[in-house]
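Each remark here refers to the structure printed beneath this line.
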Amino acid sequence: MRAFLDTSLFFLMLYLCFSSAVSSSLYSSSCQLKGQFHVNGMHKTGDVILGGLFAVNTITTDPDLSFTSEPQKPDCYGFDVVDFRQAQSMAFAIDEINRNSNMLPNVTLGYSLYDNCAQLGIGFRAALTLVSGQEEQVTLEENCVGTPPVLGIVGDSSSTRSLAISTVLGLYSVPLVSYFATCSCLSDRKKFPSFFRTIPSDAFQVNAMIHILKHFGWTWAGLIISNNDYGFHAARFFHSDLGPAGGGCLAYTEILPRGYDPVELRRIVDVMRKSTARVVIVFANSFLMINLMKEVVRQNVTGLQWIASEAWTSAAVLQTPHLMPYLGGTLGIAIHRGEIPGLRDFLLQIRPDIHHNNTDGNSMVNQFWEHTFQCRFAPPPAGWVEAAGELCTGQEVIENVETDFLDDSDLRPEYNVHKAVYALAYALDDMLQCEPGRGPFSNNTCAHLQRLEPWQIIHYLEKVNFTTTFGDRVSFDENGDALPVYDIMNWVWLPDGRTKVQRVGEVKRSAFKGEELTLDEDKIFWNFESKQPPRSVCSESCPLGTRMARKKGEPECCFDCVPCSEGKISNTTDSMECTSCPEDFWSSPQRDHCVPKKTEFLSYHEPLGICLTTTSLLGTFICVVVLGIFIHHHSTPIVRANNSELSFLLLVSLKFCFLCSLLFIGRPRLWTCQLRHAAFGVSFVLCVSCILVKTMVVLAVFRASKPGGESSLKWFGAVQQRGTVLVLTSVQAAICTVWLVSASPVPHKNTQYHSDKIVYECAVGSTVGFAVLLGYIGLLAVLSCLLAFLARNLPDSFNEAKLITFSMLIFCAVWVAFVPAYISSPGNNADAVEVFAILASSFGLLVALFGTKCYIILFRPERNTKKAIMGRGIGS
């Protein structure tokens, strides 16, 4: 179409240039119009003329284009009284302005209204007629000054015609204010600098529909568009705006054929029937919708929720009992309704021109009269009187005829026409109030009515800001668009079979609140058994604890709900991602919220902790009992043998060994972590040091019993024994001090063993320090074991060496097994292993070293004599 338009414009300009050249050669001081466009119209004279373009007739016959004779203008028929009422609304607005003494004083507005016959070619002819004038001869000195033929044009009703006309008018800065062209492409100020409109653009209409979809949770919808600019630009906005951010997506997009194409319509309806989308958006006019509904009825496709664009929301031709089973409950976008007081009275005053002829271009009222009263003005067409046709007298009474022409209860396009006329009038009024020397043009000049240029009125039109008598504010933004507002309509199917289209809400944009949707849901009629809004989703909403996973190759609205993995949650529906819980928290079983992780440590309240605690206290108690027995029998030979003081010290150290295991039970704290290994290390070094010294004393006594060995005892007196134990223990104390100062053990939350648990443990801080501590204990233990092994064959009188050897073997076996078990035990099991090793080695030492002696003291006192002890040695 654009290429055709560009070509037409080229030949038109070529024609005008040629015409000017011919005229210049014939007339020295004037130009002659080579031809006129004869278009149906309606005129009124005035100081300033406003033009208008209206689709009063909707059908045309194509003229003969053989070019064997001059082509005649197309014939127009199919008179539309509603469109004629829109034209009369403009005439009324101008009449109302002329009667208002506060507006445009001393200036009378006139009009030239043309019928474009709903055709681009005729509409283009009408627009050129308006901007160029119809004077057959123009005297250059007289007619090339003064006001232009029209100050501005109200129209056109079609986006396609407005695109073409505005492209040309924009070159000459003639304002075109449309009341019905909604294509968003017309908001391009670079292409259409002189275009304005009082109806919202399709971009806002699409946003209004998206608001409705989001309000009812319809995320899955089909889109059907007309095969023209109106449909294509709407589809482009739907595809760009109706995404994840817009709250939905399109199941399909289909283009209606221009004419009635049964095969293509069957395919489109088949797509609708097979789709899971229950909502269908149709961006087309009522004629295309009728074709579509024929196939919908034929295939009996019910259960759909229709959303109508403003082009067919109020189409009475679709509101029939035959179609309401399918279209009942339709939600539609409609032009905002307004009230125009006095319009009906003005319409009643319309009278035809009985002296009308077909050449003066003032035929629109007469056509209306003939259509309404089914008569013809004289001279009637051939055969009219013979066929008993009536002649129009001009005295017929409109009120006696049932017609939509007088219905002013639902003024929508008419209200936009009214606003468009007032916008031009307010712009002209502001221009005429300009104070000389303070004007907006070069050198602060003002525009003058006698030397008015169309571009000057555009400056004031951009700044128009007024409020209608109905309370709506009118102003234009930087793109020439008025503040948008749409009514939301609902098709109600009444029980008696009648149809009513009622207003159930509105969507508007304000300068302060942005876009707002208002709906009265209680008034909405739903054409479903449930009488509730339908569900239209590709995939059901993902509940809490799941996330959406898109299905490959399908739109964004089609997804699977995947449960969140462990440790992650989603606490909103339709979550795109699962969020990880904080470090100390874990996901609930439902994965919808985070809960504190279970804490795990070797507790006093769990069975293992109770068992180990009991065992530790039992060992401590036995040590106390043995110590008491030894103290009570301290004078007996078996106690006094081999340094009773070391035996007492050994029992005390064993008691500390049992008690230090309690530091490994319970929730780790800083002081317990620092104390547990230090206490353990010092206690066991003290214990093993006593055993080592006892072993050395046994060997020294044995050597002293031999001739010449008396001097060996002087190195192992009581003082030397205490000193040796103190020195050996001090070394361990020094190791522990260095360890605690350089890299102290600290409480640690370990989440590596179990993701859903926090294992409280003591981090050793320095592995080297811990290894040196254990290594030093092991060194003393191995040394004690070797010395005791060497003394194993001493006489029975010194039989304690065998007990020491046995005890050291137990001790070494326990701690050799401890190392791999400790390393491989996770969490609180490591503490349990260490406690078990402490208790096992402690019990091994206690039983091996003191079990036999306690048995003799308590149950075989006859053997607790020096003679008995020595006797065994002699007897052997």
Side-chain angles (χ1 to χ4, degrees), residues 1-6 8-9 52-55 58 80 83 86 114-124 126-127 153-170 174-209 223-240 255-256 258 281-289 308-315 332-336 412-413 416-417 419-420 476-477 479-482 484 486:
M1 180 187 295
R2 191 179 185 94
F4 169 79
L5 181 59
D6 291 341
S8 301
L9 289 176
L53 298 173
F54 299 90
T58 58
D80 191 326
D83 284 290
Q86 296 168 14
Y114 286 119
D115 175 16
N116 60 32
C117 298
Q119 290 294 319
L120 173 60
I122 299 176
F124 212 97
I153 299 176
V154 175
D156 190 294
S157 60
S158 161
S159 294
T160 299
R161 294 192 293 272
S162 294
L163 281 167
I165 295 170
S166 187
T167 300
V168 176
L169 297 190
V174 178
L176 178 69
V177 185
S178 177
Y179 58 92
F180 212 69
T182 59
C183 181
S184 56
C185 54
L186 288 164
S187 296
D188 189 338
R189 217 60 184 147
K190 294 182 179 179
K191 293 182 179 179
F192 312 105
S194 64
F195 181 80
F196 298 83
R197 56 181 156 196
T198 55
I199 186 173
S201 74
D202 287 336
F204 182 74
Q205 185 173 186
V206 169
N207 286 339
M209 291 182 175
L223 177 64
I224 299 176
I225 61 172
S226 57
N227 191 6
N228 54 22
D229 295 322
Y230 178 69
F232 295 148
H233 284 87
R236 180 168 60 86
F237 275 98
F238 265 113
H239 282 281
S240 63
I255 302 174
L256 292 173
R258 292 182 182 272
I281 304 167
V282 181
F283 240 89
N285 58 42
S286 57
F287 302 107
L288 297 180
M289 190 64 189
S309 67
E310 40 75 34
W312 67 278
T313 292
S314 303
I333 304 297
I335 301 170
H336 183 54
R412 298 180 186 276
N416 282 347
V417 171
K419 290 189 291 185
F476 299 105
D477 63 14
N479 297 319
D481 295 325
Y486 272 121

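Note that the structure is a prediction, hence the values are computed from the model and not measured.
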Original post:
When you look at Leu53 and Ile165, which way does the side chain to side chain contact (heavy atoms under 4.5 Å, CB included) test go after all the steps?
Top reply: CA-CA 11 Å; Leu53 298 173; Ile165 295 170; 3.7 Å; yes
Do [X] and [Y] come within less than 4.5 Å of each other through their side chains, counting heavy atoms only?
X	Y	answer
Trp312	Asn285	no
Val168	Phe124	yes
Ser309	Met209	yes

Work out which heavy atom in [X] is nearest to a heavy atom in [Y]; give both atom names and the distance.
X	Y	value
Gln205	Glu310	OE1-N, 2.8 Å
Leu186	Ser162	CD1-CB, 4.0 Å
Leu120	Ala164	CD1-CB, 3.5 Å
Gly170	Ser194	CA-OG, 3.4 Å
Ala334	Tyr486	O-CD2, 3.0 Å

Report task. Take Ile281 and Phe238 through the test side chain to side chain contact (heavy atoms under 4.5 Å, CB included) and record every step on the way to the result. Result -> CA-CA 10 Å; Ile281 304 167; Phe238 265 113; 3.8 Å; yes
Hey, does the side chain of [X] reach the backbone of [Y] with a donor-acceptor pair shorter than 3.5 angstrom?
X	Y	result
Asn228	Tyr230	yes
Ser240	Phe237	yes
Gln86	Phe54	no
Thr198	Tyr179	no
Arg197	Ala420	no
Ser159	Cys183	yes

Nearest-0.5 Å distance that lies between atom [atom1] in [X] and atom [atom2] in [Y]:
X	Y	atom1	atom2	value
Asp229	Arg161	CG	CZ	12.0 Å
Leu176	Phe195	CG	CZ	6.0 Å
Phe283	Ser226	CZ	OG	9.0 Å
Ile255	Leu288	CD1	CG	12.0 Å
Asn227	Leu256	CG	CG	8.5 Å
Asp83	Phe180	CG	CZ	8.5 Å

_Ignoring hydrogens and geometry beyond distance, is a side-chain donor-acceptor pair present between Asp202 and Thr182 at under 3.5 Å?_
yes
### Query
More than 12 foreign heavy atoms under 6.0 Å from CZ of Phe232: is that the case here?
yes
